[in-house]
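Small disclaimer: the values here were computed from a predicted structure and weren't measured.
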Amino acid sequence: MALITYYNTGTASVTAGATLVNFFGAGLGSVDFPTIMPGDLFSDPDQPEIPPQRIASLDYAMQTATLWEGWPGATVSAAPYEIRFVGDVTRSTAQTRRYLELLGQLGPLGIQPDAFGNFTDRDTYDDEDKGFVFASLDGTGGQDAAVIYIKASSTSGDWSAALSVTGPEGPGGNHVALSDEVTIITTGKKLTMRHFGDTTIDTIRASLNVASSSGAVTVDIKRNSVSIFVTKLTIDQGELTSKTAATPYSLVDDELSDDDELTFHVDGAGSGAIGLKVLLKETSV
């Protein structure tokens, strides 16, 4: 009997450019009895030109997987898939590399783990003395962000809360210039670009180097040719930022999708305004 090297029960869906894979009728197992594990490789047999993508983490309860990188192929909708099993030797090598990366992050902090492994391995060290440091390479279980735990006392299982190795992700978004730094701005379409990733808009702000001496500067942003605003973004006369606008902007919809076409327009140029820029602060979804 040939050794089974892949898993393809049920179907899967993943959006082009996204990392979340949803499985239907797959039965991926559980944390205690996993069928699929982080490090295994997800692929679409109908897209053989797309290389298999490494799985970063799994949610067995939700029957989902998260890929290390966004899916580079076309969108897969409840279609056959394959997950190639990765051998234990390869997993061990990858875990060792992850441990070395972790040491590099902890070194400047003056922290040296006494042991490392996945979260489920932490129980092995429950009876260690106070101050023992365990590095969990899959966070609190099934994740791709490492954390550390420190024994708070010699009491069995008396661990600290999970401590992040890295700080929180900074704000993302697009910061674009709609004019140069010396020319008085004029009305019209100023920029066309493609959006990257699926995001929610948190804040939009416009700024100037030189304020308008007469009238407000008004900015419109269109998503696939449709304005995202109910009330457009304005910088009042004599002001350098939209943050202080007498009439705040409001949005039709705060969701942006991967590869949306965004166009930036100056609907009102005021008088003598220079150096117009727009910032979209976004959160990935």
Side-chain angles (χ1 to χ4, degrees), residues 13-20 22 66-67 69-72 74-75 77 145 164 166-285:
S13 294
V14 59
T15 302
T19 58
L20 183 67
N22 289 279
T66 301
L67 305 176
E69 303 290 344
W71 175 245
T75 295
S77 299
S164 298
T166 57
E169 182 180 357
N174 294 301
H175 199 171
V176 297
L178 302 188
S179 72
D180 61 31
E181 300 289 277
V182 296
T183 306
I184 293 174
I185 65 172
T186 57
T187 58
K189 182 166 71 172
K190 302 300 179 180
L191 178 68
T192 300
M193 62 182 289
R194 289 284 176 177
H195 187 259
F196 182 80
D198 298 327
T199 66
T200 298
I201 298 173
D202 298 321
T203 303
I204 306 177
R205 187 172 298 172
S207 64
L208 291 165
N209 293 351
V210 177
S212 167
S213 60
S214 177
V217 173
T218 303
V219 175
D220 190 15
I221 302 172
K222 294 183 179 179
R223 172 193 181 191
N224 302 324
S225 301
V226 178
S227 178
I228 67 172
F229 293 108
V230 175
T231 303
K232 294 177 183 178
L233 188 67
T234 57
I235 303 176
D236 292 341
Q237 176 180 318
E239 299 288 335
L240 294 175
T241 172
S242 61
K243 184 177 181 180
T244 55
T247 305
Y249 73 86
S250 60
L251 298 175
V252 175
D253 185 2
D254 62 358
E255 300 292 331
L256 296 177
S257 299
D258 187 56
D259 209 40
D260 276 345
E261 181 186 77
L262 299 182
T263 55
F264 295 76
H265 307 255
V266 177
D267 286 358
S271 180
I274 297 173
L276 177 60
K277 302 172 186 69
V278 175
L279 170 66
L280 283 82
K281 181 179 176 293
E282 304 166 59
T283 300
S284 297
V285 295

Got a sec, which residues hit side-chain contact (heavy atoms from CB on, under 4.5 Å) with [X], two or more places apart in sequence or on another chain?
X	answer
I204	I201, I221, I228, F229, L233, Y249, L251, V278, L280
P72	I50, Q53
T192	K189, E261, T263

Looking at [Y], is its backbone amide N or carbonyl O close enough to the side chain of [X] to form a donor-acceptor pair, meaning the two atoms are under 3.5 Å apart?
X	Y	value
T241	S207	no
S242	A245	no
T231	S250	no
T199	T283	no
D236	E239	no

Just grab all the salt bridge (charged side-chain N to carboxylate O under 4.0 Å, His left out) pairs involving [range], residues at least two apart or on different chains.
range	value
residues 195-206	D202-K281
residues 268-277	E181-K277
residues 209-234	D220-K232, R223-D253, R223-D260, K232-D267

(message) I'd like to check T15 versus D258 (side-chain heavy atoms, cut-off strictly below 4.5 Å). Are they in contact?
(response)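 The answer is no; the side chains never approach within 4.5 Å.
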Give, for atom [atom1] of [X] and atom [atom2] of [Y], the distance between the pair rounded to the nearest 0.5 Å.
X	Y	atom1	atom2	result
L240	L276	CG	CG	11.5 Å
L279	H175	CG	NE2	5.0 Å
S179	L191	OG	CG	11.5 Å

(message) Let's go through T19 and W71 carefully: what are the C-alpha distance in whole Å and the side-chain angles of both, what is the deciding distance for side-chain contact (heavy atoms from CB on, under 4.5 Å) to 0.1 Å, and is it a yes or a no?
(response) CA-CA 6 Å; T19 58; W71 175 245; over 6 Å; no
Nearest heavy-atom pair of [X] and [Y]: which atoms, and what distance?
X	Y	answer
A269	A273	O-CB, 3.9 Å
L178	V219	CD1-CG1, 4.2 Å
S271	S212	N-OG, 2.9 Å
A211	G238	CB-C, 3.6 Å

